[in-house]
Amino acid sequence: MGPFLISMVGGVLGLLSIVVLLFAIRVSYAIERVTNPRPEGTLPRYTNIFASAAGRGVSEDDAETQAKVKKLRAMLGLILLMMAGLVLVAANAG
């Protein structure tokens, strides 16, 4: 692989992982909104994306929120795979 192609693949993987992370944060906020409701008009607080992915505080019989937890886990897994691909690209660049 040429250096230009390696840098392009690395850049695309990096950008895609950032985009997927942003969507994962939005899903995590949606899970937090359902599990810990806050009054209307208040500012959102920080979300713990890993606690949301673990399903902490999510009712077992709430199918919609469980589906969001599954989606969040899939997104985090995808980010992990893209980061592993980025490591492989960087290892082949040298």
Side-chain angles (χ1 to χ4, degrees):
M1 262 197 233
F4 178 74
L5 185 60
I6 289 174
S7 64
M8 288 298 294
V9 170
V12 168
L13 280 175
L15 285 174
L16 281 176
S17 61
I18 290 171
V19 168
V20 173
L21 178 64
L22 290 175
F23 282 117
I25 290 171
R26 291 189 62 174
V27 171
S28 179
Y29 270 117
I31 293 169
E32 290 271 339
R33 200 174 308 119
V34 171
T35 56
N36 301 319
R38 294 178 54 92
E40 239 358 88
T42 59
L43 293 174
R45 59 177 180 246
Y46 294 111
T47 183
N48 185 349
I49 195 167
F50 300 109
S52 296
R56 228 167 82 199
V58 177
S59 176
E60 292 294 326
D61 55 342
D62 187 4
E64 183 180 345
T65 309
Q66 288 292 337
K68 288 180 185 177
V69 170
K70 273 187 178 178
K71 183 178 179 180
L72 179 61
R73 288 178 185 163
M75 287 179 165
L76 290 177
L78 181 63
I79 292 169
L80 187 64
L81 286 175
M82 285 191 283
M83 289 296 162
L86 193 57
V87 166
L88 289 175
V89 168
N92 288 332

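- Nearest heavy-atom pair, V58 versus T35, reported as atom, atom and distance to 0.1 Å: CG2-CG2, 3.5 Å.
- With contacts defined as side-chain heavy-atom distances shorter than 4.5 Å, the pair L86/S17 does not qualify.
- Not a single donor-acceptor pair under 3.5 Å links the side chain of S28 to the backbone N or O of A24.
- With hydrogens and angles ignored, the 3.5 Å screen pairs no side-chain donor or acceptor of E32 with any backbone N or O of I49.
- Residues M82 and F50 are members of one and the same hydrophobic cluster, defined by side-chain heavy-atom contacts under 4.5 angstrom among Ile, Leu, Val, Met, Phe, Trp and Tyr.
- The 12-atom threshold is not exceeded at CE of M8, counting heavy atoms of other residues, nucleotides or ligands nearer than 6.0 Å.
- Note: the hydrophobic cluster containing V87 does not contain L76 (ILVMFWY, side chain heavy atoms under 4.5 Å, direct or indirect links).
- The shortest non-hydrogen separation linking A30 to K68 is CB-NZ, 4.0 Å.
- Cluster membership check: Y46 does not share its hydrophobic cluster with I25, using side-chain heavy-atom separations under 4.5 Å among Ile, Leu, Val, Met, Phe, Trp and Tyr.
- The one candidate from V27, V20, V19 that meets the side chain to side chain contact (heavy atoms under 4.5 Å, CB included) condition with F23 is V19.
- Under a cut-off of 6.0 angstrom, the local environment of CZ in R26 is sparse, with at most 12 non-hydrogen atoms contributed by other residues, nucleotides or ligands.
- No continuous path of ILVMFWY side-chain contacts below 4.5 Å connects L88 to L15, so the two sit in separate hydrophobic clusters.
- In this structure the side chain of N36 reaches within 4.5 angstrom of the side chain of R45, judged on heavy atoms.
- Connection of L16 to L22 is not established within any shared hydrophobic cluster, with ILVMFWY side chains joined at heavy-atom distances below 4.5 Å, either directly or through further cluster members.
- Between the side chains of D62 and T65, a donor-acceptor pair is found at a separation under 3.5 Å.
- The two residues V69 and A53 come nearest to each other via the heavy atoms CG1-O, 3.6 Å.
- Once rounded to the nearest 0.5 Å, the distance linking CD1 of I79 with CD1 of I18 reads 10.0 Å.
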